[in-house]
Amino acid sequence: MTPALLARLVSGEGAALLASLPPYDEAAAFTLADRLRAEGFDADLVAAALTQSRLRARGERKFGTAAHGMLFTVDGLEQATRRQIAQLHARRFSASGTRQVFDLGCGVGADARAFAVAGLRVTAVDADEVTAGVAEFNLRSWAHAKVRHGLAEHVSVPTAQAARTIGVWLDPARRTPGVSDLQGRTRRTFRLDQLAPSWDLVRELGAATAAAGVKLSPSFPHAAIPLGTQAQWTSYDGEVLECVLWWNDAAWDTGRSAVVVSDQFAHEVLERDATGANPEPARLDRLHGFLYEADRAVIRAGLSGALVRRVDGAELDTGIGIVTSPRDVVVPWAKKYAVSDAIPFNLKALRSWIRDHRIGRLTIKKKGASVDPVQLRRQLRLKGDNEATILVTRVGGAQAVLMLAPVR
Ligand SMILES: C[S@@+](CC[C@H](N)C(=O)[O-])C[C@H]1O[C@@H](n2cnc3c(N)ncnc32)[C@H](O)[C@@H]1O
């Protein structure tokens with residue numbers, strides 16, 4: 001989309017056309033486009049309106065019904081922070097005493113909207129003219145939010161002692177310009193030296209501003225965490241979405257942390273929760289009745305020790321994030337299973353177990369083990385009326401199979 005086409009889409013005939021479209025239906029899109037062109041609408045405007053209709057439908061996953069009042073670009077939607085997570089970013093700035101946030105590389109404005117909704121004044125910029133225009137549209141309801149087209153490098157963020165209530169938010173693009181997939185999405189990069197704005201600018205602004213947050217890939221390496229910052233891995237419904245580095249007033253703690261989010265809750269796990277955990281891995285001949293599997297954000301943050309402490313147990317193997325314990329407790333950021341059996345990993349022994357228990361339907365979970373579940377299933381010759389779940393994993397350094405039942 002060009003800036004001129006965006007301007008047509010948000011006003012007059014274009015806005016009326018967009019508002020008149022029925023709920024998006026991929027199968028009917030071609031016919032609808034033909035009909036609209038036959039009614040005299042310009043082909044480019046029809047294509048742009050239908051693209052928005054498709055992106056709005058896709059955007060519901062991140063923004064609920066609010067997506068239908070927003071505009072997107074393909075990359076902008078893909079990179080946008082989901083509403084529940086953006087609200088957490090906004091909450092942290094507000095609680096840190098921030099009154100104004102500079103969002104440098106605002107994309108379609110998903111984070112900026114959450115800042116504005118939280119009552120924070122927002123100055124948002126984006127290097128891409130159309131993306132900045134889309135963000136301006138998405139922030140049109142908040143007079144205290146301003147968007148402009150420009151480079152983060154050209155914005156002078158107040159950083160002196162007098163600027164105690166100024167915060168900066170950066171969500172650098174992690175895409176390789178010019179390289180895109182079939183859907184038109186540019187390819188992702190996980191290299192810090194390919195961030196835009198640059199990793200150098202990120203660290204410079206982070207250190208100099210009263211409160212700063214920078215959203216990075218979940219694969220951000222522990223060794224690269226800048227001194228004095230808080231690194232927080234966040235998952236939503238079990239999927240790890242980001243690692244945010246928080247600086248100065250926005251860093252409530254230093255070191256690594258995780259936040260596990262769903263529509264119902266947000267639970268934080270801190271580095272100190274893991275301190276002093278029993279470092280000894282479990283032994284296969286001493287497994288307990290319950291198994292706890294930490295949320296992936298906790299594992300990415302390297303904080304499985306917090307689960308070991310919480311359930312007073314032992315991790316199956318170092319860093320694996322699964323803990324055996326005799327205690328039956330509720331940990332909102334871990335899944336719980338009952339263990340009915342455990343054997344060393346051995347095809348013959350596993351086949352006998354399957355045969356003896358007449359297992360016809362099997363769920364194979366795998367964590368830290370080098371097996372191919374598809375091939376394993378074929379080799380097991382399932383037969384019988386019973387159903388089972390097995391976990392192929394490592395216990396105390398050796399591969400093992402644990403037979404599981406979910407527990408509420
Ligand atoms: C990951 S997106 C931001 C997504 C946003 N936080 C949201 O939730 O909608 C990053 C944006 O940074 C912009 N960008 C990249 N380099 C920039 C620079 N040097 N100055 C300003 N914006 C830049 C890109 O155009 C892109 O829209």
Side-chain angles (χ1 to χ4, degrees), residues 1 3 6 55-56 58-59 61-64 66-67 69-90 92-93 101-118 120 122-139 142 145-157 167-180 184-205 212-220 234 236 241-245:
M1 185 160 52
L6 174 64
L55 294 176
R56 282 175 167 181
R58 204 190 283 170
R61 198 173 55 85
K62 285 187 173 177
F63 304 105
M70 298 172 72
L71 292 180
F72 301 101
T73 62
V74 174
D75 271 353
L77 174 58
E78 185 87 2
Q79 297 176 314
T81 304
R82 120 187 329 271
R83 188 182 45 193
Q84 295 88 338
I85 310 291
Q87 282 167 353
L88 291 181
H89 301 155
R92 185 174 283 245
F93 276 117
V101 180
F102 284 77
D103 184 345
L104 306 181
C106 64
V108 296
D111 280 306
R113 267 170 75 102
F115 300 150
V117 169
L120 296 161
V122 179
T123 302
V125 302
D126 200 280
D128 180 74
E129 188 177 353
V130 170
T131 306
V134 164
E136 192 175 6
F137 179 86
N138 291 338
L139 285 152
W142 295 275
K146 301 273 176 265
V147 182
R148 63 176 194 261
H149 167 218
L151 287 176
E153 292 78 353
H154 295 165
V155 178
S156 85
V157 181
V168 68
W169 174 253
L170 290 128
D171 178 1
R174 292 174 257 141
R175 305 269 156 170
T176 314
V179 187
S180 52
R185 295 175 299 211
T186 46
R187 202 162 74 194
R188 282 189 205 207
T189 172
F190 296 103
R191 290 177 44 178
L192 286 176
D193 62 0
Q194 286 185 349
L195 294 182
S198 73
W199 180 225
D200 282 346
L201 181 70
V202 161
R203 282 177 298 175
E204 189 187 309
L205 282 170
V214 178
K215 178 178 155 185
L216 298 160
S217 153
S219 63
F220 183 72
T234 303
Y236 179 81
L241 298 175
E242 63 182 31
C243 169
V244 174
L245 296 179

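As a basis for the values below, the full set of heavy atoms in this structure was taken, side chains included, without hydrogen atoms, waters or symmetry mates. As the structure lists them, so they are numbered: ligands from 1, and atoms in each ligand from 1.
- For the pair Gly150 and ligand 1, a heavy-atom separation below 4.0 Å is found.
- Of the protein's non-hydrogen atoms, the one nearest atom 10 (C) of ligand 1 is Asp171 O, 3.1 Å.
- The protein heavy-atom contact nearest to atom 22 (N) of ligand 1 is Ala127 N, 3.1 Å.
- The protein non-hydrogen atom at the shortest distance from atom 5 (C) of ligand 1 is Cys106 O, 3.2 Å.
- Annotation: atom 26 (C) of ligand 1 to nearest protein heavy atom, Asp126 OD2, 3.4 Å.
- Within the model, atoms CE of Met70 and CG of Leu139 stand 8.0 Å from one another, a figure rounded to the nearest 0.5 Å.
- For ligand 1 and Asp111, the ligand atoms under 4.0 Å from any heavy atom of the residue are 6 (N), 7 (C), 8 (O).
- Ligand 1 has no nitrogen or oxygen under 3.5 angstrom from a nitrogen or oxygen of Leu104.
- Short contacts between ligand 1 and Thr131, defined as distances under 4.0 Å to a heavy atom of the residue, involve ligand atoms 27 (O).
- Looking only at side-chain heavy atoms (C-beta outward), Leu216 and Val202 stay at 4.5 Å or farther from each other.
- Closest non-hydrogen pair, Leu104 versus Pro197, comes out as O-CG, 4.0 Å.
- When all heavy atoms are compared, the tightest approach of Glu242 to His89 is OE2-NE2, 2.7 Å.
- Ranking protein heavy atoms by distance to atom 20 (N) of ligand 1, first place goes to Ala152 N, 2.8 Å.
- The option with the heavy atom closest to atom 16 (N) of ligand 1, from among Ala196, Gly76, Ala135, is Ala196.
- Inter-residue side-chain proximity for Leu192 and Phe220 is flagged as met; some heavy-atom pair is nearer than 4.5 Å.
- The two residues Val130 and Pro3 have their closest heavy-atom pair at CG2-N, 3.6 Å.
- Nearest heavy-atom pair, Val168 versus Phe93, reported as atom, atom and distance to 0.1 Å: O-CZ, 3.4 Å.
- Ranking the protein heavy atoms by distance from atom 9 (O) of ligand 1 puts Ala110 N, 3.1 Å first.
- Protein heavy atom nearest atom 3 (C) of ligand 1, with residue, atom name and distance: Gly105 O, 3.3 Å.
- Only the side chain of Glu153 comes within 4.0 Å of ligand 1, counting heavy atoms alone; its backbone N, CA, C and O stay farther away.
- Contacts between Ala86 and ligand 1 below 4.0 angstrom, taking non-hydrogen atoms only, are absent altogether.
- Using a 4.0 Å heavy-atom cutoff, Leu151 is listed among the residues neighbouring ligand 1.
- Here the closest heavy-atom approach between residue Ala135 and residue Gly109 is recorded as CB-N, 4.1 Å.
- Annotation for ligand 1: atoms under 4.0 Å from non-hydrogen atoms of Val108 are 9 (O).
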Working for side chain to side chain contact (heavy atoms under 4.5 Å, CB included), residues Thr123 and Arg148 | CA-CA 8 Å; Thr123 302; Arg148 63 176 194 261; 3.7 Å; yes
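- Here Glu136 contributes atom CD and Cys106 contributes atom SG; the two are 10.0 Å apart, rounded to the nearest 0.5 Å.
- In terms of heavy atoms, Leu71 sits closest to Arg56 at CD2-NH2, 3.8 Å.
- Of all atoms in ligand 1, listed by their number and element, those nearer than 4.0 Å to a heavy atom of Ala80 are 7 (C), 8 (O), 9 (O).
- Distances below 4.0 Å separate heavy atoms of Gly109 from the following atoms of ligand 1: 9 (O).
- Ring orientation note: the planes of Phe115 and Trp169 are nearly perpendicular, at an angle over 60° on the 30°/60° scale.
- Listed by number with element, the atoms of ligand 1 under 4.0 angstrom from any heavy atom of Thr81 are 7 (C), 8 (O).
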